[in-house]
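Letters go in sequence order (proteins before strands), and every chain restarts at 1. Note that the coordinates shown come from a computational prediction; the quantities given were computed from them, not determined experimentally.
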Amino acid sequence: MPMLSFLIRRLLQTIPTVLAVVLLVFVLFSVVPGSIASTMSDDVDPQVELRLKQQLGLNDPVYVRFGKYIARLATGDFGTSFRTREPVTSMIAKRAWPTLQLIFTSMAFAVLVGVPLGFIAALRPGGFVDSAAMFVAVSGLSIAKFWLGLVLMYLFALKLGWLPSFGYGDGSLKYLLLPAVTLGVSPMALLARTTRAAVLEIMTADFVRTARSKGMSETRVVKWHVMRNALVIILTTMGLQFGALMGQAVVVEKLFSWPGIGSLLVDSVLQRDIPAVQGSILIVVLAFLAINLLIDVLYGVIDPRIRYA
Amino acid sequence: MKLRANLVIGGALFALAIAVGLLAPWLAHTDPVLDANLMNAEEPPSWTWWFGTDDQGRDIYSRVVYGARVSLTVGIVSQLINSVIGVALGLSAGYWGGWWDDVVNALTNLMLAIPSLIFALAIMAVLGPGLTSLLIALGLTNWSFTCRIARASALSLRNQGYVQAATVLGYGDFRIMITQLLPNMLGPIVVIGTLGMGSAVLSEAALSFLGLGVRPPFPSWGSMLSDARDQITTAPWLSVFPGLAIFLTVLGLNLLGDGLRDILDPQSRSRRT
Amino acid sequence: MTGAPLIEVEDLRIDLDDGSRRVAAAEGVSFRISRGETFGLVGESGCGKSITALALIGLLRPPLSIGAGVIRFDGKEIQHLSAARQRDLRGDRIAMIFQEPMTALNPVSPVGRQIAEMFVLHKGKSWREANRLAVEALASVRVPAPERRVNDYPHQLSGGMRQRVMIAIALACGPDLLIADEPTTALDVTVQAEIIELMRNLCAERGTAILMISHDLGLVANVCRRVAVMYAGRIVEERGSADIFRKPSHPYTQGLVDSLPRLGSRAALGRSRLKEIAGVVPAITSFPDGCRFNPRCVHATDICRTIVPETDLLEAGGLVRCHHHA
């Protein structure tokens, strides 16, 4: 089972990274100036504050708190929210699905539009279609996501009335569409650019000349020989873009009042709900690492030269 | 030919944004903060109010003009911090190797594992809103790419004859890094820096939009859009102009970056054409 | 030469367009190959032999293009055929093998599939049928255990095996002409001989003509019945293989022959050093006037520096392009 041992090895490799992220997140919020308990309400009885601090274990030395924190994390306990008194784990669990929906729909949009756009542009480099596609792509990278969201919201929800302007509703595509497209525009643009560059490079490869010498039409050359080779590069871009997507999701979820982990993170940050902030950041990092692991496995499926040795 | 167009249009847009920021006091019609007049609230664009007015009767045109200062300061300064950190870490890691290289690599991997906007958000949460916090948050979270490039070129350059000659001549490590290695990796670093400025402008706008940027009432394009969101039905022009300003500035930087890449980073050009 | 030639090239010129101007990368190229014949094109890299081959199979890509001349295949001019008609010929009736078997095969596609494509493209077979034929094709190039090997990817095969796969692809549809561009240059010497032998035998069995392109005069003369030597975009001499060694007419060919190590020659000639041709090959953009070999030629006179020599018929058979040929 070379695949299995590869997976296990890769999982082991991510452990230091995860630990480092945990440490970073912990340290970052241990140096928060001012009393945390005092941010919960404006005038707090000093005795109440003391009791609260004891309850939350905030009087222990930092390293003791870190040890306890790690120990609790290991059991899947992300702590209790300062704000809602709810376990962070269950807050995250409730919001995981909407975020997953949003992120994967955005990526699907990005791939379905960006990759064909890149291919079409590469087939006639320097032509009108190429220039237009690359202008769309650089524009997609330059636009502020929440502004694009506002514009789309204004057009499709408020003016045309085709789609709901915000909220999760029943979670159907109708509600998903605007936030997903808003979020998907920059990975779409990036995929279009990298696909174009990849295809142009592959088109100069010797095996493409061999394919032509077989009497293949250009369409078949692309379909039979270029596409799969380009897929490796497209996958790499996708993997990197998932990270950016998760960052941008914070803004887009906030704009569209989407009840995901991103809006949980923003709300928690604004209200200094530190356990919830730590939990959300950790879960995002874990998800990002998991996706990249998945992509590494996919490499092996696409490219036979990669061996899990 | 397209290569020139990128450079010219991008450079022109960026220069325009800088000029607007520098000349804001002369270009603005009113004071962006003080000249509020509820009598003029929510006027649509007209000859008097070029971009319209907001719910407090402030001139959007003047606020957009002043907003350039925040966006460009954050964009340029935070990216400079990133470039300096990235070059310092990457260059020294590539040149010295050993345990230091391992440390830098681990740091870079850590940075790559956390989406940079989320990292910046966390830092803003700790530091609180404000321009200085923005500069720190965005300046510390986007150096990993620069670092990788700097490390890779230091690795390949350190074995070049002229670098080894400098070692033999008794040049110190820092002198070699700065006089021999740095000039030879500047091209790609400048390209990444230009593109990074664009994304810093976008990140600043995003953080300000989330209420974690520059404190109101001082105008920033992001916070203007944040205010505009609630009035999108009654005053859609509030959203149009700050968004357009962000778009044109970042577009300028991206085109400039692409154009510079074609000139300064010929390796990637051969891959792209 | 008996019967109508299979392929006939007449006064072919290949242009190189570098954006501001056009230069002829090859010109005045003429030769004919009969059915089943073996013909070699020899010269240093950059002499125009490879682009001549690409022109025959219709694979010249900008900045290169056919500037003038006629290519007649099986009696019909093919240089102006539509792209679709050229594709019908390509692979089916004219096939090509390239130099680098490492990169000439798609790394992410099983070799069987890359052979099977030929039957799908030109013989209208289903994939299932084509895959079965691919196993046969692989067997015919003496790849052991072909039914297993069809599932292998190029990186799992050795260089020699990969070149066998290339031959299987090229000969899949039973072409009339096989163009082999340095087919063994990238291979080990021991493997070279096997591949050459295989290619020659298979083509002989099927009556496929070979146009072999190489920098290696010895190798080409060994494989081919007739040889043409190219220098700086022009064919300077065309002879029977035996004659070209015995009595080369063009000074350049003489130089090539003298620079070859020959078995048994030491006994006859004593311990003499191998000779090399002085000077360097001129760049495409700065070909000299007159005979392009004149700056390196020991026999060069004024006429060589001004007037392009015509192609002359030799009494002993063959053609030469030299003012001073013996």
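For A/W97, the CH2 atom sits in a loose shell: 12 or fewer heavy atoms of surrounding residues, nucleotides or ligands are nearer than 6.0 Å. Surrounding CZ of C/R206 are more than 12 heavy atoms belonging to other residues, nucleotides or ligands, all under 6.0 Å away. Within 6.0 Å of NZ on C/K123 lie more than 12 heavy atoms contributed by other residues, nucleotides or ligands.
Looking at C/Q114, the atoms closer than 4.5 Å to chain A (heavy atoms on both sides) sit in the backbone and in the side chain alike. The parts of C/A104 that come within reach of chain A are both its backbone and its side chain, each placing non-hydrogen atoms under 4.5 angstrom from that chain. With a 4.5 Å cut-off on non-hydrogen atoms, A/I202 does not touch chain C at all.
For the pair A/G215 and C/L121, the tightest heavy-atom approach, listed with the atom from each and the gap, is O-CD2, 4.4 Å. In terms of heavy atoms, A/F207 sits closest to C/N106 at CB-N, 3.5 Å. Smallest separation of non-hydrogen atoms from A/R209 and C/L59: O-CD1, 4.0 Å.
Checking side-chain atoms of A/T210 against main-chain N and O of C/L105 turns up no donor-acceptor pair under 3.5 Å. With hydrogens and angles ignored, the 3.5 Å screen pairs a side-chain donor or acceptor of C/H122 with a backbone N or O of A/K214.
Residues of residues 79-93 of chain C that come closer than 4.5 Å to chain A, counting heavy atoms only, are C/R87, C/R90, C/G91, ordered by residue number. Taking non-hydrogen atoms and a 4.5 Å limit, the residue list of residues 131-142 of chain C in contact with chain A is empty.
One distance of note links OG of A/S213 with CD1 of C/I94; it measures 11.0 Å at 0.5 Å rounding.
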*Test side chain to side chain contact (heavy atoms under 4.5 Å, CB included) applied to A/H225 and C/E117, step by step*: CA-CA 11 Å; A/H225 291 281; C/E117 281 170 359; 2.9 Å; yes

